[in-house]
Amino acid sequence: MFKFTNEKFRYFHYIILILMSYSGIAISVAEAGEATEVIEEALEAYNKQDLGGATDALNEALAIVMQEKATRMETKCPKALDGWEKEKTVSNSSGAAFGAGTVTECIYRNDNKEVTISFTVDSPMVQTMMMMFNNPKFATADGGKVKRIKADGKKHKTIIKYNEQRKSGEITSLFETILVSVKGEASQDELISFFRSIKFSSLN
């Protein structure tokens, strides 16, 4: 963690926060960690009126911060259910600088069945999902059903889409600014069990 030692740096701090806000990134510069050095390079370029260099450095800093956030989200993947194995965790934050957000996927397998739990943060998709959740017509489009599922001690509003013939489906929910999805080729009860295994209180 670094401190702002002069007015120019404090002013530049505000610029960085504005850019992060514009990009949909909800994290303070003070928490940037490894991005500190790159932010200082951006400040140096900015002071030299090298706006192109400052922009490149800022984009790099944003990518570093988003990757740190993705790494933290990877620790939020729940344990595998009985009979299942946690195969891998994948994070993608390549579109962070353009407001695409960060997606962390936790993949589980059981013989020929596969389930993916995903957490999407800092994405415009969250606003779209808010509209769907608040409008029953959107929520129930394409056969979706609204259902409240208790997980981590609280009931969460979800949209469930499930195909009985294909034995596959998806459960979608919103937790504050995080889009949560449980999808895959498994029974509906198994998808619900995976959803219930998520520790929502730890996602902040």
Side-chain angles (χ1 to χ4, degrees), residues 24-27 66-96 100-204:
I25 297 174
I27 188 171
M66 290 304 297
Q67 186 56 53
E68 288 186 5
K69 292 186 71 176
T71 299
R72 294 179 191 176
M73 289 303 297
E74 289 178 6
T75 66
K76 311 302 180 182
C77 296
K79 295 181 179 179
L81 301 179
D82 290 342
W84 289 75
E85 291 185 0
K86 184 179 176 183
E87 185 177 78
K88 59 183 177 179
T89 303
V90 180
S91 293
N92 181 4
S93 58
S94 60
T102 298
V103 180
T104 299
E105 295 186 336
C106 324
I107 301 173
Y108 307 83
R109 289 188 184 277
N110 180 355
D111 293 332
N112 62 335
K113 295 186 288 186
E114 179 179 305
V115 168
T116 300
I117 297 177
S118 65
F119 305 112
T120 303
V121 298
D122 301 322
S123 171
M125 289 178 60
V126 174
Q127 297 296 327
T128 301
M129 291 304 300
M130 284 182 178
M131 293 177 57
M132 291 181 62
F133 272 81
N134 293 328
N135 190 323
K137 291 183 179 180
F138 285 114
T140 57
D142 300 325
K145 296 181 179 179
V146 178
K147 180 180 177 66
R148 290 190 176 272
I149 301 176
K150 189 173 183 179
D152 197 22
K154 294 183 179 180
K155 287 187 176 181
H156 300 268
K157 186 177 181 180
T158 70
I159 297 176
I160 300 179
K161 293 182 180 180
Y162 192 78
N163 189 310
E164 286 287 352
Q165 293 182 336
R166 297 180 179 177
K167 297 297 180 184
S168 65
E170 180 176 10
I171 300 174
T172 307
S173 184
L174 278 173
F175 179 72
E176 297 182 359
T177 59
I178 302 173
L179 178 62
V180 180
S181 170
V182 179
K183 62 182 178 181
E185 298 175 352
S187 70
Q188 183 170 315
D189 288 341
E190 287 173 316
L191 294 178
I192 292 175
S193 294
F194 268 108
F195 183 88
R196 286 175 173 161
S197 71
I198 299 172
K199 299 297 182 182
F200 283 87
S201 58
S202 72
L203 295 183
N204 290 328

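The first residue in the sequence is number 1, and the count goes up from there. These numbers come from the heavy atoms of this one structure, side chains and all, not from hydrogens, waters or symmetry mates.
Proximity of Cys106 to Phe194: side-chain heavy atoms (C-beta onward) are nowhere separated by under 4.5 Å. Side chains of Thr158 and Val182 form no contact here, defined as non-hydrogen atoms less than 4.5 Å apart. Inter-residue side-chain proximity for Glu190 and Val115 is flagged as unmet; no heavy-atom pair is nearer than 4.5 Å. With a 4.5 Å cut-off on side-chain heavy atoms, Leu81 and Asn110 do not count as touching. With a 4.5 Å cut-off on side-chain heavy atoms, Tyr162 and Glu170 do not count as touching. Side chains of Ile198 and Phe119 form a contact here, defined as non-hydrogen atoms less than 4.5 Å apart. Between Leu174 and Leu179 there is a side-chain heavy-atom pair separated by less than 4.5 Å. In this structure, Lys199 and Asp152 have side chains that are in contact, with non-hydrogen atoms separated by less than 4.5 Å.
We find the OG-CH2 distance between Ser197 and Trp84 to be 11.0 Å, quoted to the nearest 0.5 Å. The distance from atom OG of Ser173 to atom CD1 of Ile178, rounded to the nearest 0.5 Å, is 10.5 Å. To the nearest 0.5 Å, atoms CZ (Arg196) and CG (Leu191) are separated by 12.0 Å. Between atom NZ of residue Lys150 and atom CD1 of residue Ile192 there is a gap of 15.0 Å, rounded to the nearest 0.5 Å. In this structure, OG on Ser168 lies 11.0 Å from NZ on Lys183, to the nearest 0.5 angstrom. For the atom pair OG1 (Thr89) and CD (Glu105), the distance works out to 10.0 Å, reported to the nearest 0.5 Å.
The heavy-atom pair separating Lys86 from Ala80 by the smallest distance is N-CB, 3.8 Å. The shortest non-hydrogen separation linking Pro78 to Ile117 is CG-CD1, 3.6 Å. In this structure, Ala151 and His156 approach most closely via the heavy-atom pair O-NE2, 3.2 Å. Scanning both residues, Ile160 and Lys147, for their nearest heavy atoms gives CD1-CD, 3.6 Å.
The backbone N or O of Gly143 sits nowhere less than 3.5 Å from a side-chain atom of Lys161 that would complete a donor-acceptor pair. Asp111 places no side-chain N or O within donor-acceptor distance of the main-chain N or O of Lys113, the cut-off being under 3.5 Å.
The ring pair (Phe, Tyr, Trp, His ring centres under 6.0 Å) check on Phe195 picks up Phe200, with sequence neighbours excluded.
For Lys157, the NZ atom sits in a packed shell: over 12 heavy atoms of surrounding residues, nucleotides or ligands are nearer than 6.0 Å. Atom CD of Glu85 has 12 or fewer neighbouring heavy atoms from other residues, nucleotides or ligands inside a 6.0 Å radius.
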Mind running salt bridge (Lys or Arg N to Asp or Glu O under 4.0 Å) on Arg109 and Glu114 for me, showing each step along the way? CA-CA 5 Å; Arg109 289 188 184 277; Glu114 179 179 305; 2.6 Å; yes
